[in-house]
Amino acid sequence: MRRDKNCGEIRETDIGSSISIAGWVFRRRDHGGLIFIDLRDRSGLCQIVFSPDIAGDAHTKAHDLRAEYVIAVSGEIRKRPEGTENPNIPTGMAELYVNKLEVLNEASPLPYNMEEAADAGEALRLKHRYLDLRRPEMQQNLIMRHRISKVMRDYLDEKGFLEIETPMLTKSTPEGARDYLVPSRLNPGHFYALPQSPQLFKQILMVAGMEKYFQIVKCFRDEDLRADRQPEFTQVDLEMSFVDRENVLSLMEGMMKKLFKDVMNIDVETPFQRLSFHESMERFGNDKPDLRFGLELKDMADLALKGTFKVFLDAINNRGMVKAINGKGMAALSRKEIDMLTAEAQSFGAKGLAWIKVKNGFESPIAKFFPEDVLKKMAERLEAKEGDLMMFVADKPKVTYDVLSRMRLALGERLNLIKPGYKFAWILDFPLLEWDEEESRFQAMHHPFTSPMDDDIEKMLSGNINDKDMLSSLKAKAYDIVLNGYEIGGGSIRIHRQDVQKKMFEVLDISEEDAKMKFGFLLDALQYGAPPHGGIALGLDRLVMIMVGATSIRDVIAFPKTQKAFCMMSGAPSTVEPKQLKELHIKTDVPVE
RNA sequence: GGGGUGGUAGUUCAGCUGGUUAGAACGCCGGCCUGUCACGUCGGAGGUCGCGGGUUCGAGCCCCGUCCACCCCGCCA
């Protein structure tokens, strides 16, 4: 079998030459006399023509061709007759006149129309993933993913990083996400866990003097799925020695700059905008702000105090806050439409939504609670002009931030405020610790190996572990990288001093014994000359998703799972033979109907 | 675990207030067609209305349960 060229590469310059190509039958237009076939391979489409005058034999056989038959053809490339060129495709000036047709494989009628696959049920696409992946859009996604990985791999290689593999069969880590477990046949009753990330191993590689490590690696978390979360996903994981925060940030900025230039020919602005965690919460209500549009949250507590609206005053008196956003041009909304907005806010957890229309003065059920000059100051702060709608949420900080950040995103979309492009940000100065109400103890916001800020180390070492205010004020050398409202990665400078690590466990109320059991091998390693080190992990799936403009990471993963973590194609997970369970000393305890 | 949307022909969908034989388009099968590119044209086949139960003289439509897919909350250090 010969294959001289790819379908999508046929050009005018090929006219006159005799060549062979192969691919899948995409569309056929059978005129009885002439038969036109759009032949498709990974590179694209080209039209081939069967004529009874050229090769009666091939023409007769071509009547039986159907969608997705795999064929090889040879013949002459000819210029298309005047007026029949197709300017919509790159191969549209020429066509191949077939004199020999070889049917390499037939195809059953398809379970769904591939051309309208975007509308097909996703279950169907996932079941017949090999067909879904044949679609040019999906092939483009995976080609992009390949190129993205390659650029990052090359970049890190140039910067002196070594790609080192870490174990997939590893030790369960009790904190964090639920583990996927693998039973050990040779050690009855014992289990490996699939890694949630190579965190401990990459730090050990630093102790081992590898200095710069990276890996493009699968990670596993047994938690519920979302459009941007799969049970197995890919991280671009890296760690470096003798660095501080700035080294990691500028390394990543360089990587993103090169990535977007090489893959998409887009110039990304560096350095990235930096926001403290606190500032991000204040201005956007979350720690992964979409910076492609404004609609920022403004604090209204001081102005609220100058009025007599009880809801606002109560919120402030109960350690809450009053914040607002401004809906441009939304004063035109009817009472009914505003009621629907309120219902939306309530579905996000708010008790209600207070609003003031800027329309012939101020129009609102709550306007009467505020003097005119206060209303004017509110409008001024929100930059609200005639025709705008100011929306207020008053509640505990968590609820206020959450509701308004989601209102902001919903309105940003509805009002078409989101500008195209790619807006990166670093979120910095995270709190080191987070108070867990349920367990009534502190938890590490990032993970227990994250270093406090230099200034905070002494504060922590010398402080009392029951001093809740002091501990809450500690900041971490942690950083998240955010792109268009998605957290695409995060990392930190790690603790390399034994005394600091020991204190950290004390603060987290993890006993020495517990720590030893959970992370013993890392703690051992830290005793033998650990260099200062830090790193970051990028979520490759999310990054690729954003870059190709997909709305789910399923569209950039070759074989993803459904929301119930089921593989529609292979049928995993499944029951296994009793023999297999017996070998593993496992008895199942599943309720039967 | 919770909230929402959807499930009718191979596919995408329509199906009114519960009422005769459940429709359309695409696809499929057969015929015609020498410049199409979503080719055209004539004809034909194709249905466990997701599944189970209930209400009713009568259920695709109403009620209860259940399964699957998707979106979201919880969860994801």
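When reading the values below, keep in mind they use all heavy atoms of this one structure, side chains included, and skip hydrogens, waters and symmetry mates. Within every chain, numbering begins at 1; the chains are lettered A, B, ... in the order of the sequence lines, protein sequences first and strands thereafter. This structure is a prediction, so every number in the text was calculated from the model and none was measured.
In this structure, the CZ atom of A:Phe26 is 11 Å from the C1' atom of B:C37, given to the nearest Å. Remark: C1' of B:G10 and NE2 of A:His128 are 10 Å apart, rounded to the nearest angstrom. Distance A:Asp30 CG to B:C28 C1': 15 Å, rounded to the nearest Å. Taking atom CD1 on A:Ile48 and atom P on B:C37, their separation rounds to 17 Å, with Å as the unit. Atom pair A:Asp224:CG and B:C71:C1' shows a separation of 13 Å (rounding to whole Å applied). A:Leu131 has its CG atom 17 Å from the P atom of B:G27, to the nearest Å. One atom, CZ of A:Arg135, and another, P of B:A38, lie 18 Å apart when rounded to the nearest Å. Going from atom NE2 of A:His63 over to atom C1' of B:U34 covers 11 Å, rounded to whole Å.
Ring geometry for A:Phe277 versus A:Phe430: interplanar angle of 30 to 60°, hence tilted.
Nearer to the 5' terminus of RNA chain B, by closest-nucleotide assignment, is the contact made by A:Phe566 (compared with the other of A:Phe566 and A:His447). Along RNA chain B, the nucleotide nearest A:Ala444 and the nucleotide nearest A:Gly83 are compared for position; the residue whose nucleotide lies closer to the 5' end is A:Gly83.
B:C75 is unpaired under the Watson-Crick or G-U wobble criterion, no partner having all donor-acceptor distances under 3.5 Å. In a base pair of the Watson-Crick type (N1 to N3 plus N6-O4 or O6-N4) or a G-U wobble (N1-O2 and O6-N3), with each distance short of 3.5 Å, B:G43 is matched with B:C29. Using N1 to N3 plus N6-O4 or O6-N4 for Watson-Crick, or N1-O2 and O6-N3 for G-U wobble, each under 3.5 Å, B:U12 pairs with B:A24. Figure legend. B:C62 is base-paired to B:G54; pairs are counted as Watson-Crick or G-U wobble with both atom distances under 3.5 Å. With both pairing distances under 3.5 Å, B:C70 is matched to B:G4 as a Watson-Crick or G-U wobble pair. The partner of B:U36, taking Watson-Crick or G-U wobble pairs whose two distances both stay under 3.5 Å, does not exist in any strand shown.
Note on A:Arg554: only backbone sugar-phosphate atoms sit closer than 4.0 angstrom, heavy atoms only; bases stay farther off. Counting non-hydrogen atoms under 4.0 angstrom, A:Arg80 reaches a base of the nucleic acid. Using a 4.0 Å heavy-atom cutoff across all strands shown, A:Gln47 reaches at least one base atom of the nucleic acid. Looking at heavy-atom distances under 4.0 Å, A:Pro111 makes contact with sugar-phosphate atoms alone, never a base. Here A:Asp222 lies out of heavy-atom contact (under 4.0 Å) with every strand. At the heavy-atom level, A:Asn88 lies nowhere under 4.0 Å from the strands shown. When heavy atoms are screened at a 4.0 angstrom cut-off, A:Arg66 is found touching the sugar-phosphate backbone but no base atom. Across all strands shown, A:Glu95 has heavy atoms under 4.0 Å from base atoms, whether or not it also approaches the sugar-phosphate. Here A:Glu82 lies out of heavy-atom contact (under 4.0 Å) with every strand. Within the nucleic acid shown, A:Thr562 comes within 4.0 Å of sugar-phosphate atoms alone, with no base atom in reach, counting heavy atoms only. Note on A:Ile89: nothing from the nucleic acid sits closer than 4.0 angstrom, heavy atoms only.
Remark: the A:Asn113 side chain and the B:G10 base include no donor-acceptor N/O pair separated by less than 3.5 Å. Interface remark: the A:Arg229 side chain does form a donor-acceptor pair with the B:C75 base, using a distance-only criterion of under 3.5 Å. The base of B:U34 is not paired with the side chain of A:Arg29 by any donor and acceptor separated by under 3.5 Å.
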With ring pair (Phe, Tyr, Trp, His ring centres under 6.0 Å) as the test, would you mind laying out the steps for A:Phe449 and A:Phe519 before giving the verdict? CA-CA 10 Å; A:Phe449 313 107; A:Phe519 321 107; 5.1 Å; yes

Test side-chain hydrogen bond (donor to acceptor under 3.5 Å, both in side chains) on A:Arg29 and A:Gln47; report intermediate values, then the result. CA-CA 10 Å; A:Arg29 295 176 289 279; A:Gln47 174 163 284; 2.8 Å; yes

Tell me, with the steps shown, if A:Asp541 and A:Gln230 meet side-chain hydrogen bond (donor to acceptor under 3.5 Å, both in side chains). CA-CA 9 Å; A:Asp541 312 277; A:Gln230 283 273 308; over 6 Å; no

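Phosphate proximity of B:C68 to A:Lys564: present, with a side-chain N or O under 4.0 Å from OP1 or OP2. Distances shorter than 4.0 Å separate some side-chain N or O of A:Gln563 from OP1 or OP2 on B:C71. Considering only side-chain N and O atoms, A:Arg226 lies under 4.0 angstrom from the phosphate OP1 or OP2 of B:C73.
Separation of the P atoms belonging to B:C39 and B:C29 is 15 Å when rounded to the nearest angstrom. Between the C1' atoms of B:G43 and B:C49, the separation comes to 28 Å (whole Å). Nucleotides B:U8 and B:C13 place their P atoms 9 Å apart, quoted to the nearest Å. Across the C1' atoms, B:A69 and B:C33 are found 43 Å apart, a figure rounded to whole Å. Between B:G52 and B:C75, the two C1' atoms lie 32 Å apart (nearest whole Å). Taking the P atom of each, B:A59 and B:G1 are spaced 34 Å apart, rounded to whole Å. Here, B:U20 and B:U36 have their P atoms 46 Å apart, quoted to the whole Å. Taking atom C1' in both B:C68 and B:G46, one finds a spacing of 24 Å when rounded to whole Å.
For A:Tyr112, the side-chain atoms get nearest to B:U11 when compared with the rest of B:U11, B:G74, B:C71. Side-chain atoms of A:Asp38 lie closest to B:C37 of the nucleotides B:C37, B:C28, B:A38. Here the nucleotide nearest the side chain of A:Glu122, chosen from B:C37, B:U34, B:A69, is B:A69. Checking B:C72, B:A77, B:C37 against every side-chain atom of A:Arg406, the shortest atom distance belongs to B:C72. The A:Thr84 side chain lies nearest to B:U36 when the options are B:A69, B:C71, B:U36. Listed candidates were B:A38, B:C75, B:A69. Nearest to the side chain of A:Met568 is B:A69. Set against B:C70, B:C28, B:A77, the side chain of A:Ser197 has B:A77 as its closest nucleotide.
Stacking is found between A:His31 and the pyrimidine-like six-membered ring of the B:C39 base under the 5.5 Å centre-distance and 30° plane-angle cut-offs.
A:Ser197 and A:Gln235 share no side-chain donor-acceptor pair at under 3.5 Å. Using modelled atom types and a 3.5 Å distance limit, the side chains of A:Gln443 and A:Glu434 yield no donor-acceptor pair.
The six-membered or imidazole ring of A:Phe521 lies near that of A:Phe201, with a centre-to-centre distance under 6.0 Å. Proximity of the aromatic rings of A:Phe50 and A:His63 is defined here by a centroid distance below 6.0 angstrom, and this criterion is not met.
For the pair A:Arg406 and A:Tyr401, the cation-pi test (distance below 6.0 Å, angle within 45°) is failed.
Using a 4.5 Å heavy-atom threshold, the side chains of A:Leu205 and A:Glu239 count as separate.
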